[in-house]
Enquirer: 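Structure incoming, see below.
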Amino acid sequence: MHGIRRRTADPSSAGREGYCRRVTTIDGGWLSSELVRPGSLWRSIEVLAETGSTNADLAAAARSGAASPGSVLVSGYQSAGRGRQGRQWSAPPGTSVAISLLVAPHDIPVQRWSWLSLLAGLAVVEGLRRICPVDARLKWPNDVLVGERKLCGILAERVETPHGPACVVGIGINVALGADQLPVPTATSLALLAPDAPTPSATRVVAAVLGAFELIFAEWERNSDDAAFAAAYVARSATIGRHVRVELTGDRAVEGVAEAIDTDGRLVVRTATGPRSFSAGDVTHLF
Ligand SMILES: O=C(O)CCCC[C@@H]1SC[C@@H]2NC(=O)N[C@@H]21
């Protein structure tokens, strides 16, 4: 993967609907013209060669009012990438892509917002399927796996902005990591998964994921039938039907068979004592 470059905007485009504050290019690709257009979800895309954490940066900008919904921040390297449950998310420079999106669903009750991170997982699966030959699936809640190896992690964080609540959805995708660069042995990358195919550029990966997210998010805003999203999720799930262990806070864990995703996006597990629903937790696929 080549480096990420940043250029300043064409001043003649300033002030327009869908104006991209920075004309962004990764690997020579032009994200702005593809994705930031009048009427689209995306209002600005900024690309940083490196940063601490794109989620932290975008959340800070949202809190101060400097970033509005539809803002996207992309980086090729994070020195303090955040993972779920306080973990770190790291990859060597230029081998992965970090994408953070700021969204504030219109007129959607906040209890439905738990779907946002699951929708992001769906968008990654759909987007990647369009550009590379990998069978990506979702490990509940929103890890993207190929086989049992993790290709992408997602961290959604709620943020209070001067205009109300919003959500930063962070997506980290392992693009070009070699076997000796994996942060953990259970990770993988697009390059490792399809060694005989050209590894998609960061530009293609970002464009594919943002394009898929925009479609899925628009459908979800329009359609409050979360059973349909649960069905779409199950169709791409690596978890449903598996024997799982769900780690809860306080060293507690529950085992059983993952049976369903309910309309709140919770995982329903059949345990020895009956069905239980989980809205959070770390899942291990046992067999
Ligand atoms: O699997 C996980 O633990 C979630 C990882 C989320 C990583 C992404 S990379 C873009 C965004 N910025 C961050 O600091 N974290 C998320």
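For ligands, and for the atoms within them, numbers begin at 1 and follow the listed sequence. Position 1 is the first residue of the sequence; numbering continues from there.
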Enquirer: In this structure, which one of I45, T54, V72, L73 forms a side chain to side chain contact (heavy atoms under 4.5 Å, CB included) with L101?
Expert: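 Going through the options one by one, the only one that passes is V72.
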Enquirer: Can E126 and R236 be counted as an ion pair, charged N to O under 4.0 angstrom?
Expert: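 So E126 pairs with R236 through a salt bridge.
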Enquirer: Determine, stepwise, if the pair S96 / N174 fulfils side-chain hydrogen bond (donor to acceptor under 3.5 Å, both in side chains).
Expert: CA-CA 4 Å; S96 76; N174 295 334; 4.9 Å; no
Enquirer: Of all the heavy-atom pairs spanning D282 and R84, show the shortest one and how long it is.
Expert: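 Reported closest heavy-atom pair: OD1-NH1, 3.2 Å.
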Enquirer: List the steps, then state whether salt bridge (charged side-chain N to carboxylate O under 4.0 Å, His left out) holds for R112 with D264.
Expert: CA-CA 7 Å; R112 274 192 88 210; D264 292 324; over 6 Å; no
Enquirer: Could you pull out every protein residue that has a heavy atom closer than 4.0 Å to ligand 1, ordered by chain and then number?
Expert: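 Those residues closer than 4.0 Å to ligand 1 by some heavy atom are S53, T54, N55, Q78, G81, R82, G83, R84, W89, A98, I99, S100, D143, K150, G153, I154, L155, G170, I171, G172.
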Enquirer: Is the shortest side-chain N to carboxylate O distance from E148 to K139 below 4.0 Å?
Expert: no
